[in-house]
Amino acid sequence: MNAAFTTGKELQKMDPVFGQLSFDNHEQIVFCNDKDTGLKAIIGIHNSVMGPALGGTRMYNYANEWEALNDVLRLSRGMTYKAAITGLNIGGGKAVIIGDAKTQKTPELMRKFGEFVHSLSGRYITAEDVGMETADMDIVRDVTPYVTGISESRGGSGNPSPVTAYGVYLGMKAAAKQQFGSDVLSGKKVLVQGIGHVGETLVDYLTKEGAIVIITDINEEKLYEVGSKYGATIFTGDDLYAADVDIYAPCAMGATLNDATVHKIKAKVIAGAANNQLANENIHGAILQERGILYAPDFLINAGGIINVYAELEHYDKAEIMRKTENIYNTTLEIFAFAIANGITTHHAALTIAQNRIDQRKIENSLKK
């Protein structure tokens, strides 16, 4: 008689929520379903020690629900540390809507999603992410106050993408200073992967400074449009991860630093806008460090967007938004110094400092009770 063995993957799927690595002690996960509008969404609230959970909504055509759940959990956890490392008094959360944003997103679907957000009574505050526009957040605002990134005409802070790009640009300059001895990017070869709202603005900043910009994107039409607009070179090689560049800037989906890519990378600096760039933050972070490649932690340098939408909650102006975003440069250098002093990866250094702030607030909160 043959013994039946259950694989690790099957076991993981038997515990599809609490059992997966990305769950990481989430406080709450909400599954949202509406037959009439076709809405299928998941809201993850990772940690609310610092305040209500704030994080954008991503609409993406996931291959399956498992993939969507894993994405929302990874993104939600990242928001906790992003807010903490940036000094904001806000917790971490995220939402994903399963579907094609170009063909399946409707005002009715967005309103229904807003109702689900409202049902959480402010524990989760949403904003825009991949597949979303400021206009979508305005529709959500019609049914709930728990949304940021609405139009400036409605008292909001508008599209956060330009501020996100500015923070990434400054984080990249800090990484260049650490790795090359100067934060001047003129003449440096920078490969930008993904030229959406954030990626294109980053290309603009880099071009103006005189960097040699190479771009790649799955959207060919957008690729040639941006290439022509900024005079950027379109990547035509076989393997972008093995490209002979100084800086690699992942600005599309996450986990591009994985088993198949980390040993190929020739860039000496990795600094981009994508969330969760390390497929495995311990293994792949360590490999990059061993290879002498400086990784600027994604949740630190892409925090400009959350700084921008947080302004709607704290009521500070554009000048203060830019001041807080400019501080990403100094914080990035501090993280590098902390990593060297403690013999740890830059990702681990950023996580440690963020977690220390959360732990301190937890103690303060318990003393108030």
Side-chain angles (χ1 to χ4, degrees), residues 7-13 15-17 19-26 42 44 46 55 58 60-82 85 92 94 96 129-130 168 171 175 191-194 196 198-199 216-218 239-243 245 247-302 335 339 344-352 354-355:
T7 67
K9 217 164 192 179
E10 287 168 335
L11 272 173
Q12 193 178 33
K13 289 186 180 180
D15 289 314
V17 181
Q20 57 175 325
L21 193 65
S22 53
F23 177 74
D24 189 49
N25 294 310
H26 266 72
I42 310 171
H46 179 251
R58 171 173 292 188
Y60 187 74
N61 207 11
Y62 293 98
N64 52 56
E65 293 167 16
W66 171 259
E67 189 179 277
L69 175 62
N70 191 49
D71 200 31
V72 76
L73 292 176
R74 280 169 61 89
L75 290 165
S76 174
R77 175 179 179 264
M79 292 304 295
T80 293
Y81 297 115
K82 185 181 298 193
I85 197 74
K94 205 81 177 186
V96 298
D129 200 303
V130 174
V168 172
L191 173 62
V192 180
Q193 179 189 24
V198 176
T216 178
D217 195 284
I218 55 173
D239 188 346
L240 68 94
Y241 301 103
V245 295
I247 300 169
Y248 163 51
C251 296
M253 299 301 276
T256 58
L257 303 170
N258 52 52
D259 289 342
T261 63
V262 285
H263 292 287
K264 296 179 183 177
I265 291 172
K266 291 180 181 171
K268 286 298 173 188
V269 166
I270 297 174
N275 287 305
N276 302 315
Q277 293 168 24
L278 299 167
N280 183 308
E281 60 195 46
N282 296 322
I283 294 170
H284 302 126
I287 291 170
L288 292 175
Q289 184 183 40
E290 285 161 13
R291 295 193 61 224
I293 299 167
L294 183 63
Y295 171 68
D298 48 42
F299 65 86
L300 166 61
I301 70 168
N302 70 9
I335 293 297
I344 56 178
T345 66
T346 54
H347 185 87
H348 189 195
L351 275 183
T352 301
Q355 189 63 55

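By convention here, the first residue in the shown sequence is residue 1.
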Give every residue pair that meets the salt bridge (charged side-chain N to carboxylate O under 4.0 Å, His left out) criterion with at least one member in [range], sequence neighbours excluded.
range	value
residues 271-281	Arg77-Glu281
residues 288-297	none
residues 257-269	Asp239-Lys264

Rounded to the nearest 0.5 Å, how far apart are [atom1] of [X] and [atom2] of [Y]?
X	Y	atom1	atom2	answer
Thr346	Leu351	OG1	CG	10.0 Å
Leu257	Ile283	CG	CD1	13.5 Å
Ile265	Ile270	CD1	CD1	4.0 Å
Asp129	Lys94	CG	NZ	4.0 Å
His46	Phe23	NE2	CZ	8.5 Å

Would a distance-only check, ignoring hydrogens and angles, find a side-chain to backbone donor-acceptor pair under 3.5 Å from [X] to [Y]?
X	Y	answer
His284	Gln277	no
Asn302	Ala273	yes
Gln289	Ile344	yes

- Query: Between Leu75 and Asn276, does a side-chain contact (heavy atoms from CB on, under 4.5 Å) hold up when you go through it step by step?
  - Reply: CA-CA 7 Å; Leu75 290 165; Asn276 302 315; 3.7 Å; yes

Could you list the residues that satisfy side-chain hydrogen bond (donor to acceptor under 3.5 Å, both in side chains) with [X], not counting sequence neighbours?
X	value
Asn70	Ser22
Thr345	none
Thr256	Tyr248

- Message: Which label fits Phe299 and His347: parallel for a plane angle under 30°, tilted from 30 to 60°, or perpendicular past 60°?
- Response: perpendicular

Taking only residues two or more places apart in sequence or in another chain, which ones pass side-chain contact (heavy atoms from CB on, under 4.5 Å) with [X]?
X	answer
Asn25	none
Ala354	Tyr81, Ala84, Ile85
Ala68	Ile42, Tyr62, Val96, Ile98
Thr216	Leu191, Gln193, Phe235, Leu240

- Task: Please indicate whether Glu67 has more than 12 foreign heavy atoms, meaning atoms of other residues, nucleotides or ligands, lying under 6.0 Å from its CD.
- Result: yes

- Task: Could you list the residues that satisfy salt bridge (Lys or Arg N to Asp or Glu O under 4.0 Å) with Asp217, not counting sequence neighbours?
- Result: none

- Query: Considering residues at least two apart in sequence or located in another chain, which fulfil the salt bridge (Lys or Arg N to Asp or Glu O under 4.0 Å) criterion with Asp298?
  - Reply: none

Mind listing the closest non-hydrogen atom pair of [X] and [Y] along with its distance?
X	Y	answer
Gly272	Cys251	CA-SG, 4.3 Å
His26	Leu73	CE1-O, 3.3 Å
Ala274	Ala252	CB-O, 3.3 Å
Ala296	Ala175	CB-CB, 4.5 Å

- Run the side-chain contact (heavy atoms from CB on, under 4.5 Å) check on Leu278 and Leu288 step by step: do they pass? CA-CA 10 Å; Leu278 299 167; Leu288 292 175; 3.8 Å; yes

